[in-house]
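To start, the structure under review is shown below, and the notes come after it.
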Amino acid sequence: MAINDAFLSDLKARTDIMDLVSSYVSLDSRRQGRTHKGLCPFHNEKTPSFMVYEDTQSFYCFGCGAGGDAITFTMKIENLDYIEAVKLLAERAGLSMPETGYDDSLTQKKNRILAANREAARFFYSCLVDEKNSHALNYFLNRGLTPQTIKKFGLGYAPDSWDSLIKHMRAKGFSVQELYEADLVKKSTKNGERFYDNFRNRMITPIIDIRGNVIGFGGRVLDDSKPKYVNTADTLVYKKSHEVFAMNYAKNAKEDFFIVAEGYMDVIALHQAGFTNAVACLGTALTTEQARLMKRYTDEVVLAYDSDEAGQKATKRAMQIFASSGLKVRVLQLKGGKDPDEIIKKHGRERFQSLLDGAENDTEFNLIKIGEKYDLSTSDGKSGFLKEASQFLATLSSPVERETYCLKLASMTEVSADAIRQEIKRNLSTVRKREKKELYSHAKNLSSGAEDKINPEKRKFRKEAMAEEIIITTLFRNPDFYRRVKDELTPELFFTSFNRRVLTVLLSLLENGRELDVSSFRDNFSADEMGRITFLSDICNEVSDTLEECLECIEMLKKAKNKKSSAEISDMSDEDFANMFKNMHT
């Protein structure tokens with residue numbers, strides 16, 4: 001059941017989308033109108049294509065198609081469902097949620113999972129400090145962690161038992177099904193259905209989100225047995241590709257950058273040493289969603305991945321993702337240990353601080369790695385190095401940065417800067433041609449519907465879909481046209497199911513004389529689909545806004561439908577055709 005309109009109207013009146021979006025995105029005012037732009041928080045881009053419209057209290061990104069109102073923005077940026085987003089905005093606006101009138105079941109289910117995780121974390125911690133599990137506590141103490149650090153991060157121990165957590169949690173009022181949905185227990189179907197603890201005889205690290213909720217756990221064995229790690233799978237409250245370990249602490253650190261390490265223990269050791277801006281990604285590799293989360297709190301990251309081959313490969317990949325997300329990247333060269341934890345143990349906090357101070361930016365790091373491939377004492381080595389280095393510098397977007405490193409290369413290799421500039425220029429031309437080709441290909445695919453994930457049928461019915469969109473946009477902007485077209489226009493006339501769904505709601509609103517507000521569509525469409533509706537209602541400029549054009553599009557769809565029906569009839573067997581004719585007259 002939807003939240004009542006009166007409450008939503010009050011919430012909208014008290015929520016200014018400019019203030020809301022500005023708390024997440026840096027926006028610049030355009031010279032004309034009340035439109036503001038910035039880099040989209042939902043996809044990687046270097047040129048701003050994300051627009052916020054004060055007049056309509058909406059947003060839209062011309063790069064990825066995200067769009068909607070304040071509620072849609074909150075859902076996407078905070079990874080919340082509809083009710084949770086409304087609650088968050090209501091709290092922000094100082095409003096109390098209505099006691100009844102909406103379906104809160106999904107939120108309640110999520111809250112039960114969070115409550116189960118919180119109680120499980122208490123259980124694991126109590127097991128860790130229990131005298132009979134001294135071997136588990138000694139594991140952390142022997143790794144140099146203090147009792148204060150253990151308590152701060154809520155570290156724990158899962159007993160070597162198949163059902164100790166199940167017994168504890170059932171005594172606390174949680175059902176086995178709730179534990180299963182939280183991935184605290186697993187299900188076996190051998191010899192009948194039975195449940196067992198997911199984490200057994202493992203050191204436990206709770207995963208806490210930026211709001212302080214325990215959303216999952218990481219479990220590590222105490223020895224070398226396999227599997228080494230068991231982690232919470234994705235649940236209603238946890239998606240590992242979206243979360244960052246220790247972000248709940250790091251976002252409040254006094255430093256204006258994050259240290260990004262590989263594992264939990266590296267981060268915990270860094271925090272204990274005073275580097276409270278350290279974080280780690282969950283899962284095997286950095287994701288764009290994690291990079292965007294960090295971008296909300298900082299403009300710079302320092303990569304402190306392991307010095308082994310796998311760590312260096314991860315460093316190169318992470319550099320690209322962070323750079324694409326608009327983050328300044330520096331790379332810490334780990335010397336004196338394979339990871340931050342080992343360096344701090346062997347050499348102390350001061351040594352790590354000196355390495356941190358000397359961390360190279362991503363360009364310097366890449367040039368150093370290229371240089372390691374060649375013997376710069378030989379002519380062939382210099383030539384090979386400069387060719388590859390010039391290819392890399394051609395990918396930089398800043399002419400100033402290209403010139404700066406051109407001069408550095410000239411000084412380092414004793415080759416004239418002009419010669420290096422020519423090599424960079426030649427590669428720059430190749431890079432621009434490739435980017436232009438990729439952009440053209442992307443634009444072509446979008447216009448044809450080949451990459452349209454919201455309305456995939458547009459690829460098959462391109463002309464019909466365009467006519468459908470013109471009709472929808474025209475009616476949004478000219479609701480008075482409805483009485484002139486209502487007898488000619490039905491949802492069944494549309495070829496694509498997405499546009500048909502939009503028209504169905506639109507016609508219902510028009511028939512009942514309701515305001516054509518984008519938020520009226522939210523009960524029937526996802527947050528991603530709301531972006532397309534926002535575009536069609538407010539932003540699309542490919543219409544003349546005339547009744548004549550609307551009627552022409554309706555007529556075109558009628559003819560296309562008749563043509564399609566004739567083709568289908570011609571393909572029928574004699575028996576099918578006879579049955580159809582018989583049914584028409586019964």
Taking the six-membered ring of Phe123 as reference, does the NZ or CZ atom of Lys172 fall below 6.0 Å from its centre and within a 45° cone about the axis?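 Not satisfied by the 6.0 Å and 45° rule.
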Is Arg330 close enough and on-axis enough to Phe257, meaning under 6.0 Å and within 45°, for cation-pi?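 Yes, Arg330 and Phe257 form such a contact.
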Do the side chains of [X] and [Y] get close enough for a salt bridge, i.e. N-O under 4.0 angstrom?
X: Lys338; Y: Asp341; answer: no
X: Arg500; Y: Glu492; answer: no
X: Arg202; Y: Asp160; answer: no
X: Asp452; Y: Arg532; answer: yes
X: Asp81; Y: Lys110; answer: yes

How many angstroms lie between atom CD1 of Ile166 and atom CG of Asp197, to the nearest 0.5 angstrom?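 Rounded to the nearest 0.5 Å, the CD1-CG separation comes to 5.0 Å.
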Would you say CD of Gln177 has more than 12 non-hydrogen atoms from neighbouring residues, nucleotides or ligands within 6.0 angstrom?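 Yes, because the 6.0 Å sphere around CD of Gln177 holds more than 12 heavy atoms from other groups.
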Neighbour count above 12 (heavy atom, 6.0 Å) for Arg296 CZ: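 Yes - once you tally the heavy atoms of other residues, nucleotides and ligands closer than 6.0 Å, there are more than 12.
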For Phe153, run the ring-ring contact (aromatic ring centres under 6.0 Å, His included) check against Tyr249, Tyr125, Phe140, Phe217 and tell me which one passes.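 The residue from Tyr249, Tyr125, Phe140, Phe217 that satisfies ring-ring contact (aromatic ring centres under 6.0 Å, His included) with Phe153 turns out to be Tyr249.
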Pair [X] and [Y], ring centroids less than 6.0 Å apart:
X: Tyr157; Y: Phe124; answer: no
X: Phe352; Y: Phe275; answer: yes
X: Phe73; Y: Phe42; answer: yes

In sequence, state the C-alpha distance, the side-chain angles, and the governing distance for Lys239 and Glu289, and then conclude on salt bridge (charged side-chain N to carboxylate O under 4.0 Å, His left out). CA-CA 10 Å; Lys239 294 215 171 10; Glu289 290 82 8; over 6 Å; no
Check step by step if salt bridge (charged side-chain N to carboxylate O under 4.0 Å, His left out) holds for Arg122 and Glu119. CA-CA 5 Å; Arg122 293 194 186 103; Glu119 182 56 41; 3.1 Å; yes
May I have the step-by-step check of salt bridge (charged side-chain N to carboxylate O under 4.0 Å, His left out) for Lys295 and Asp299, ending in yes or no? CA-CA 6 Å; Lys295 183 70 171 68; Asp299 291 321; 3.2 Å; yes
Looking only at side chains, do His36 and Glu54 share a donor and an acceptor under 3.5 Å apart?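 Yes, a side-chain donor-acceptor pair sits under 3.5 Å.
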